[in-house]
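In listed order, ligands and their atoms are each counted from 1.
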Amino acid sequence: MKFFIDTADVDEIKEAASLGILDGVTTNPSLIAKTGRKHKETIQEICALVDGPVSVEVTSEDFEGMMKEAREFVTWADNVIIKVPLTADGLKACKALSTDGIGVNVTLCFSANQALLAAKAGATYISPFVGRLDDIGRDGMDLIADIVQMYSNYPDIDTQVLVASVRSPDHVHKSALLGAHVATIPFGIINKMFKHPLTDIGIEKFLADWAKVPK
Ligand code: G3P
């Protein structure tokens with residue numbers, strides 16, 4: 001399973017990369033806005049920090065506008081891939097970009113049928129938003145289970161399931177149990193993943209015992 005980090009904060013990306021567990025980065029307009037920095041310089045700095053794909057999202061709502069933005073973004077770095085929303089124009093852009101060999105992450109997916117359409121349009125990744133489904137009283141992980149099952153029914157589908165809107169370590173381990181290909185994880189959740197109170201207690205006990213060893 002691949003781990004991407006869901007942030008545009010370069011310090012968080014550097015820290016996650018130093019753990020040796022990072023396979024890529026996802027950004028979105030909200031995450032870019034949160035940095036207070038310019039889009040292009042931020043993306044270029046991120047792309048230099050990681051070997052894997054860095055998703056850069058278009059903000060145009062029409063096909064031509066999306067294509068214009070995408071063509072610009074892919075000149076910024078070799079590992080830029082394009083994030084398009086799951087709309088009719090987004091799917092058209094997905095088809096056109098993937099046909100040209102450009103990686104596409106189709107985002108804002110909230111249903112199994114949307115995921116099927118993205119796969120048909122040649123998406124490299126489909127991003128179902130589990131946390132936002134949980135927010136409205138649905139179980140986001142049910143959608144992951146459906147998409148993984150549907151895609152596995154058709155060996156010709158090579159779209160990867162990229163679990164997004166991850167809000168807890170539980171979302172990550174359930175994604176792995178279901179066979180999702182990727183989870184894009186906020187920095188705070190990555191930190192929670194390696195923490196366990198029994199690990200801390202264990203270290204404390206080992207150190208206390210070690211202090212009793214004659215030196
Ligand atoms: O990758 C999409 C993700 O950033 C959305 O997360 O927490 O805003 O629902 P959230």
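Surrounding CD of Glu204 are at most 12 heavy atoms belonging to other residues, nucleotides or ligands under 6.0 Å away.
Geometrically, ligand 1 and Ser165 share a nitrogen or oxygen pair separated by less than 3.5 Å.
The ligand atoms of ligand 1 that sit less than 4.0 angstrom from a heavy atom of Ala164 are 1 (O), 2 (C). For ligand 1, the atoms lying closer than 4.0 Å to a non-hydrogen atom of Arg167 are 7 (O), 9 (O), 10 (P).
Put simply, the residue from Val84, Ile82, Thr59 that forms a side-chain contact (heavy atoms from CB on, under 4.5 Å) with Glu69 is Thr59.
Side-chain rings of His181 and Tyr151 stay apart, their centers remaining 6.0 Å or farther from each other.
The cationic group of Lys205 does not satisfy the cation-pi geometry with Trp210, failing either the under 6.0 Å distance to the six-membered ring centre or the 45° limit from the ring axis.
Distance from atom 8 (O) of ligand 1 to its nearest protein heavy atom, with residue and atom name: Arg132 NH2, 2.8 Å. If you check which protein heavy atom lies closest to atom 3 (C) of ligand 1, you get Asp6 OD2, 3.1 Å. In terms of protein heavy-atom proximity, atom 2 (C) of ligand 1 is closest to Phe129 CZ, 3.3 Å.
Between Asp100 and Arg71 there is a salt bridge, since a side-chain N of the basic residue sits under 4.0 Å from a carboxylate O of the acidic one.
Residues passing the side-chain contact (heavy atoms from CB on, under 4.5 Å) test with Ile81, sequence neighbours excluded: Pro53, Ser55, Asn105, Tyr125.
When non-hydrogen atoms are compared, ligand 1 lies under 4.0 Å from the side chain of Asn28 (C-beta onward) but not from its backbone.
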